[in-house]
Structure formats: C-alpha cells, structure tokens
Amino acid sequence: MSHVLSAVAWPYANGPRHLGHVAGFGVPSDVFSRYMRMAGHDVLMVSGSDEHGTPILVQADKAGLSPQEFIDENHRVIAEDLTALGVSYDLYTRTTTANHHHVVQQMFLACHANGYMVEQTQRVAISPSTGRTLPDRYIEGTCPICGYTEARGDQCDSCGNQLDPADLLDPRSKINGETPEFTDTQHFFLDLPALAGALGEWLDGREASGLWRPNVIKFSQNILEEIRPRAMTRDIDWGITVPLPGWAENPTKKLYVWFDAVIGYLSASVEWARRLPGDQDDRWRDWWNDPQTLSYYFMGKDNITFHSQIWPAEMIAHNGHGAKGGEQGPYGELNLPTEVVSSEFLTMEGRQFSTSRSVVIYVRDVLERYQPDALRYFLSAGAPETADSDFNWPEFVKRTNTELVAGWGNLVNRTATMIAKSFGEVPAAGPLEDVDRALLQQVSEGFDTVGGLIATHKQKAALGEAMRLVGEANAYVSTTEPFKLKGDDQRERLGTVLHVLAQAVVDLNTILSPYLPHSSTAVHRAMGGDGVFQPMPRVDSVPDLDDPSRPPYPVITGDYSGAPRWAHRPVVVGAPVARPTPIFVKLDPSVVDEERARLGLVQAEAAV
C-alpha cells in the first residue's frame with residue numbers, strides 16, 4: 001500500500017459550480033480516488049472553496065452582502081452540490097479558516113527568508129470612478145502575445161499565458177467599460193527566474209516519466225521560456241495579512257489569491273489531520289514528506305500554470321532549493337506533484353461555458369431533475385481529457401437511454417428478474433461450458449485492464465472497456481437464451497447460466513462503481529447483497545480549529561474505509577434475489593426541448 005494525495009482544484013466561491021467545472025476537476029478526481037482506495041492505497045483527497053480576491057468584493061457589493069456573507073452562502077451551496085454528486089473528499093474546507101491563514105503565512109515567511117520574495121514596484125489598475133483597485137479578472141483587453149481581443153488582466157484564455165493588466169492593449173473595465181488608470185505601488189514578487197532552473201529540472205523529469213498528458217507537459221515547459229517574477233501581494237482589504245512588520249499593519253495590503261489558494265492543498269491536509277481523533281496532528285506528513293508518496297492534481301486547463309509553475313515554485317522556495325538555496329521551511333521537504341492531471345474544456349451546446357454570458361448549466365439544476373450517476377456517466381464517457389468535448393442535451397438523453405438504461409441497467413434488471421422468477425436466490429453453477437468460461441474470463445480480466453487505464457488517467461477509455469464488457473454479458477444472454485430453458489431437464493443448465501450472469505453483474509458492478517457510486521448499492525442489493533457498496537460523502541458543520549469567535553462552517557468529509565476491493569468477488573450462492581425495480585430512469589425525448597428551452601436555445605434558433 002502506498003500513500004496517494006488526490007489534490008482537487010479549489011472552486012472559486014463566487015457562485016455555484018457548473019458542469020464545465022466538475023467535468024474538469026470533480027468527476028475525474030473522484031473516479032481516480034475511489035479506484036485507488038479500492039486498489040489498496042491510502043488516499044487523502046482534499047480541496048475547498050477559494051474565497052479571497054477582489055472579484056469576491058465586487059460581486060458581494062452587487063449582491064448587497066458583506067464578503068463573508070457572500071462566501072458563506074456560496075461555500076455552502078458548492079459543498080452541498082459536490083456531496084450530492086458523490087465526490088468523496090476526505091476534507092473539503094475553505095480558505096477563510098484561521099488554519100489556512102496560518103499555513104499560508106508560514107509558507108510566505110519561509111519563501112521570504114530564503115530570498116525568493118522580493119519587493120518591487122508594480123503598476124496597478126485603478127477605477128477612475130471609484131478609486132478602488134480593479135481586480136485583474138475584471139479588466140479585459142487585447143492580448144499582447146496572441147492578439148485575442150477578450151484576454152483577462154491575469155491570463156489569456158486563448159494562448160494560456162499569464163498577464164498583468166498593464167500588459168493588455170486597449171484595456172477596459174468589465175464592470176462599467178471605463179478605461180482604468182494605472183499607478184505605481186510596492187508589492188512582493190515571487191522570484192520565479194531564480195526558481196526556473198529547479199522547475200525546469202523537475203519538469204524534465206516528469207516528461208521523462210512519460211506519465212503526463214503531452215499537452216500539459218509541453219505547455220508547462222513552454223511557459224518557462226517567458227518566466228518572470230510574479231506579484232504575490234495585492235492592494236485589497238479582503239485577504240490574508242502579510243506577516244511582516246510594516247506590511248501587517250497595512251489593512252489594504254494582502255497576500256494575493258494566486259499565492260494563497262494553491263497552498264490550500266497543504267493547509268487542508270493539515271486541517272484534516274488536526275481533526276482526527278487522538279494525537280494525530282502530524283499525520284498529514286505521510287502524504288507530503290514521504291518521497292514515496294504519489295500526488296495527483298486535478299483541474300481544468302486554465303489552471304495548469306498555477307499547478308505546474310506557481311505551486312511547485314512555492315514548494316521549491318520553501319524547501320530551500322533553487323538558485324538562492326536556503327533553509328528548509330517548517331513543513332519539511334514538501335513533495336512536488338507526481339502529475340498535473342489537466343482536462344481540456346467542456347463546452348455547452350457548442351459554446352464555451354461562461355457564467356457572465358449566461359452560457360451555463362449548474363450542477364444543482366441537473367441533479368434536481370436527473371440521477372447523479374447519469375450525469376457522472378455522461379461526463380466520464382465524453383470526458384474532455386485531451387481535447388474539448390461538448391455537453392448537449394440530445395447526447396445526454398441518448399447515452400442515458402441506450403447505454404445506462406438499455407445496456408447496464410437492462411443487464412442487471414433481467415438477470416435479477418430471471419433469478420427471482422426461477423430460483424428466488426443466486427443458484428449454484430453446474431458444469432461450465434466454453435461460452436460460460438469465456439464471459440467469466442473476460443470480466444475477470446477487466447479488473448486489470450480497466451484499473452490500469454484509470455490509474456493512468458485514461459478514464460474515458462476505461463469506462464469504454466467496462467461498457468464493452470457489459471455488452472459481452474448482454475450478448476451472452478442472447479447466445480445462451482436462459483428464458484428458453486424451461487424443462488426440468490434444463491434446470492441445471494438454467495442455474496449455471498444465471499449463476500454466470502450473476503457473477504458477471506457482481507464483478508461489473510465493482511468495476512463500474514468508481515463511476516457510478518450511487519447506483520452501485522442498488523445493483524449490489526439486487527444481487528442479494530446488503531449494506532452500502534460505495535461509501536458516500538457527507539456534509540458536517542465544524543468549528544474553526546483556532547478561532548472560536550468564528551461561526552461553524554460546512555465541510556465535506558466521509559469514512560471510505562468500507563470501499564470494496566478492486567478484485568473478483570465470488571457471488572454468494574443462496575443469496576436471496578427479489579424481482580427488481582429499474583436501476584436507472586429512462587428519459588423521455590421531450591427532455592431535450594425542455595432543457596434547451598431553459599437555455600433560450602429553442603427561441604434563438606426559431607428566430608434565425
């Protein structure tokens with residue numbers, strides 16, 4: 001058994017999550033984490049809500065709320081939605097905890113002590129009408145590198161390069177369209193050029209491993225060519241205090257959200273350990289200081305820079321490596337990522353998801369109307385692993401009805417129905433024929449094949465292979481025709497065929513359960529099992545560990561020790577099997593027009 005850190009991108013707490021978000025970080029990280037637990041690894045899966053930054057201030061003002069009230073509501077909604085989706089976090093927390101603030105400040109002090117935080121002058125954007133600093137993401141203009149006309153002040157979504165607002169050509173405020181004014185101010189910068197050599201050496205080693213997706217490793221190496229110091233403080237009164245004399249007393253200078261959010265992986269691990277019963281406060285070190293630990297970071301492609309450059313650079317600086325050397329920081333020798341698992345974009349009906357442009361489908365809305373496993377299945381089967389993919393309602397209905405309902409659901413339903421009708425319990429097998437052995441062997445081999453694909457982040461191919469095996473099991477029914485074995489002299493053969501089918505369903509349920517954790521319990525019980533098959537997450541309300549004056553807040557957690565083993569499990573002969581109810585809900589074709597009408601697509605197309 002090895003330690004595996006599953007580090008999941010932190011959703012920004014400016015509103016509910018949409019399908020594009022969970023397609024990139026939520027479902028892939030959960031499928032992987034559930035599989036790794038089943039394979040016998042000690043998994044720590046952490047994340048939380050990213051709650052600092054000027055955009056929070058701007059949107060809180062618009063909503064007529066304080067920043068704390070605004071993020072409290074959004075954090076709760078995000079936690080509830082991810083729990084309903086079944087994402088099995090060991091801890092999903094938030095960046096406004098006293099624990100997180102302390103860890104971030106300690107990381108800053110370590111980087112500063114080793115000379116990697118340097119004070120420089122920066123030009124910042126000011127709103128002429130309000131006098132407030134404009135958030136980078138609320139400044140739009142033309143990218144000076146690729147010419148994209150809707151580049152943001154912090155990053156160009158077209159070429160992926162990091163930017164400063166002052167870099168943009170023809171900058172304008174996205175809040176009111178005015179042209180920002182720029183003024184000089186002092187800030188701390190992370191000295192990335194002094195860390196570039198160590199970053200390059202690490203990335204070259206990752207490339208040599210052959211593990212990373214080619215687009216991710218190449219992009220990560222390419223951005224090293226234009227590396228420069230990056231500001232890690234901001235002129236803002238909402239954030240984490242800079243822990244240095246002269247700075248700590250200034251209420252308008254805070255650590256930048258770029259610096260603090262990625263440290264959340266570490267701070268969440270620390271918080272998780274501190275919340276364990278008994279004296280286990282240092283348990284987090286098993287996932288961060290043990291060089292044998294494997295660590296995987298899940299996100300969409302717009303976050304690659306933060307995970308293959310900013311966060312590794314912060315860890316290298318803390319560890320005392322890089323061109324300036326230094327002393328190891330208080331958190332020991334922190335492990336750099338084993339792999340940055342980045343997905344491409346999920347589009348919606350052919351358009352890029354955009355909350356600001358109302359091109360969006362929220363997770364909560366889908367889960368209110370459809371089964372969570374239907375959504376998980378669709379996002380996995382059409383995952384944007386190495387290329388953009390599209391969520392559209394006709395395909396969602398088609399895949400649900402033809403693959404989940406008519407494929408997997410039908411196999412489970414008719415197997416249980418035939419067993420219930422003819423035996424009432426899982427029958428014993430008589431002599432096996434070649435056709436029986438062939439199916440059992442194929443399904444048994446699926447553990448290695450599907451497991452190997454999930455472990456190497458080829459989840460779409462893994463699900464495709466699992467569903468191919470479902471197809472083989474359905475073909476076995478057509479070949480053996482158990483519904484025609486009605487004579488007394490055929491009863492032993494009928495029992496054998498149904499035993500083989502029950503065994504195939506039991507093993508396929510194990511193989512599919514990382515993707516379909518909610519329905520796996522229903523399948524398990526349909527074959528005579530009891531209890532919960534895949535443990536599910538829950539939302540707990542917890543007190544702040546270090547500041548009792550703060551109100552309790554929701555976290556996602558769970559006990560996943562009861563996860564099934566990733567292995568063939570012999571079906572229990574004699575287990576009672578009753579006539580089942582359908583596992584999955586067949587969708588009426590009218591769903592397509594209803595959902596497209598909600599998005600305004602039907603009216604828009606009619607007007608063309």
Side-chain angles (χ1 to χ4, degrees), residues 5-17 21-22 25-26 29-30 33 43-53 56 67-107 238-240 255 257 259-277 280-288 295 297-299 303 306-307 311 331 536-560:
L5 177 69
S6 187
V8 190
W10 288 57
Y12 197 55
N14 61 340
R17 295 304 87 189
H21 294 133
V22 296
F25 73 81
S29 64
D30 188 57
S33 298
V43 175
L44 178 60
M45 184 180 185
V46 292
S47 185
S49 297
D50 177 4
E51 299 178 324
H52 294 125
I56 294 291
Q68 191 67 53
E69 291 171 333
F70 182 72
I71 61 171
D72 282 349
E73 173 61 18
N74 287 328
H75 171 68
R76 180 188 61 80
V77 169
I78 294 169
E80 290 174 353
D81 288 355
L82 292 173
T83 301
L85 191 60
V87 186
S88 56
Y89 294 105
D90 291 284
L91 183 67
Y92 180 93
T93 181
R94 60 196 307 186
T95 60
T96 50
T97 66
N99 173 78
H100 176 74
H101 282 218
H102 175 74
V103 174
V104 169
Q105 290 175 329
Q106 292 297 106
M107 286 289 296
W238 176 251
I240 299 175
L255 292 171
V257 68
F259 181 77
D260 95 79
V262 289
I263 298 174
Y265 301 115
L266 175 60
S267 69
S269 302
V270 172
E271 181 182 347
W272 168 80
R274 293 180 66 196
R275 292 194 181 280
L276 293 175
Q280 301 188 71
D281 286 6
D282 283 340
R283 179 99 181 273
W284 62 270
R285 293 187 181 275
D286 291 341
W287 285 267
W288 286 92
S295 56
Y297 290 73
F298 294 86
M299 76 222 59
N303 277 324
F306 302 104
H307 295 83
W311 178 224
Y331 297 104
M536 301 301 289
R538 66 178 189 272
V539 176
D540 287 351
S541 180
V542 299
D544 191 284
L545 291 169
D546 302 301
D547 187 350
S549 68
R550 302 187 186 199
Y553 58 93
V555 299
I556 305 174
T557 187
D559 179 2
Y560 311 110

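Just so you know, these numbers use all the heavy atoms, side chains as well, and skip hydrogens, waters and symmetry mates. Values in this document were obtained by computation on a predicted structure and should not be read as measured data.
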**Request:** Indicate the ring-plane relationship of Tyr265 and Trp311, choosing parallel, tilted or perpendicular according to the 30° and 60° boundaries.
**Result:** tilted
**Request:** Check the angle between the aromatic planes of Trp10 and Tyr92 and answer parallel, tilted or perpendicular using the 30° and 60° thresholds.
**Result:** parallel
**Complete:** Taking every heavy atom of Gly239 against every heavy atom of His101, the minimum-distance pair comes out as O-CE1, 4.1 Å
**From CA spacing to verdict: side chain to side chain contact (heavy atoms under 4.5 Å, CB included), Met45, Trp272** = CA-CA 10 Å; Met45 184 180 185; Trp272 168 80; over 6 Å; no
**Request:** Could I get the full list of salt bridge (Lys or Arg N to Asp or Glu O under 4.0 Å) partners for Asp30, not counting sequence neighbours?
**Result:** Arg34, Arg376
**Message:** Please check this pair: side chain of Thr557 against backbone of Asp90, looking for a donor-acceptor N/O pair closer than 3.5 Å.
**Reply:** yes
**Message:** If we count only N and O atoms by modelled type, under 3.5 Å, do the side chains of Ser269 and Trp288 hold a donor and an acceptor together?
**Reply:** yes
Donor-acceptor pairs are to be reported for all side-chain atoms of residues 539-546 against protein atoms at under 3.5 Å, with residues two or more places apart or in another chain.
unit_1, atom_1, unit_2, atom_2, d
Asp540, OD1, Arg538, NE, 3.1
Asp540, OD2, Arg538, NE, 3.1
Asp540, OD2, Arg538, NH2, 3.2
Asp544, OD1, Asp546, N, 2.9
Asp544, OD1, Asp547, N, 2.9
Asp544, OD2, Ala98, N, 3.2
Asp546, OD1, Arg274, NH1, 3.4
Asp546, OD1, Arg274, NH2, 2.7
Asp546, OD2, Arg274, NH1, 2.9

**Prompt:** Considering all heavy atoms of both residues, which atom of Val43 and which atom of Ser6 are nearest to each other, and what is their separation?
**Reply:** CG1-CB, 4.3 Å
**Message:** Are Leu44 and Leu91 packed together at the side-chain level, in the sense that at least one heavy-atom pair is separated by less than 4.5 angstrom?
**Reply:** no
**Asked** Looking at side-chain heavy atoms only, is the closest gap between Tyr553 and Asp72 below 4.5 Å?
**Response** no
**Message:** Tell me if a side-chain donor or acceptor on Asn99 pairs with a main-chain N or O of Ser267 at a distance below 3.5 Å.
**Reply:** yes
**Prompt:** So do the side chains of Leu85 and Asp81 get within less than 4.5 Å of each other, counting heavy atoms only?
**Reply:** no
**Message:** Would you say that Leu266 contacts Trp284 through its side chain, given a criterion of any heavy-atom pair below 4.5 Å between the two side chains?
**Reply:** yes
**Request:** Determine whether Phe70 and Glu51 make a side-chain contact, defined as any pair of heavy atoms from C-beta on separated by less than 4.5 Å.
**Result:** no
**Asked** So do Ile556 and Val87 actually touch side chain to side chain, heavy atoms under 4.5 Å?
**Response** no
**Asked** Would a 4.5 Å heavy-atom cut-off, applied to side chains only, mark Tyr297 and Asn303 as touching?
**Response** no
**Request:** Identify the heavy atoms of Phe25 and Pro11 that sit nearest to each other, and give their distance.
**Result:** CZ-CG, 3.6 Å
**Prompt:** When rounded to the nearest 0.5 angstrom, what is the spacing between CD in Gln106 and OH in Tyr331?
**Reply:** 5.0 Å
**Request:** Give the minimum heavy-atom separation between Gly15 and Ile78, together with the two atoms involved.
**Result:** O-CD1, 3.5 Å
**Asked** In terms of ring plane angle, is the pair His100 and His52 parallel, tilted or perpendicular, where the classes change at 30° and 60°?
**Response** parallel
**Message:** Treating Tyr89 as the side-chain partner and Gly558 as the backbone partner, does any N or O pair qualify as donor plus acceptor under 3.5 Å?
**Reply:** no
**Item:** Gap between atom CZ of Arg94 and atom OG1 of Thr97 - 0.5 Å precision
**Value:** 8.5 Å
**Prompt:** Rounded to the nearest 0.5 Å, how far does CG of Asp50 lie from CG of Asn14?
**Reply:** 9.0 Å
**Fill in**
From the list Glu271, His75, Arg275, side chain to side chain donor-acceptor pair (under 3.5 Å) partner of Thr93 resolves to Glu271
**Request:** Please round to the nearest 0.5 Å and tell me the distance separating atom OG of Ser33 and atom CZ of Phe298.
**Result:** 6.0 Å
**Complete:** Taken to the nearest 0.5 Å, the spacing of Leu276 CG from Asp282 CG works out to 11.5 Å
**Complete:** When rounded to the nearest 0.5 Å, the distance separating CD1 of Ile240 from NE2 of His102 is 12.0 Å
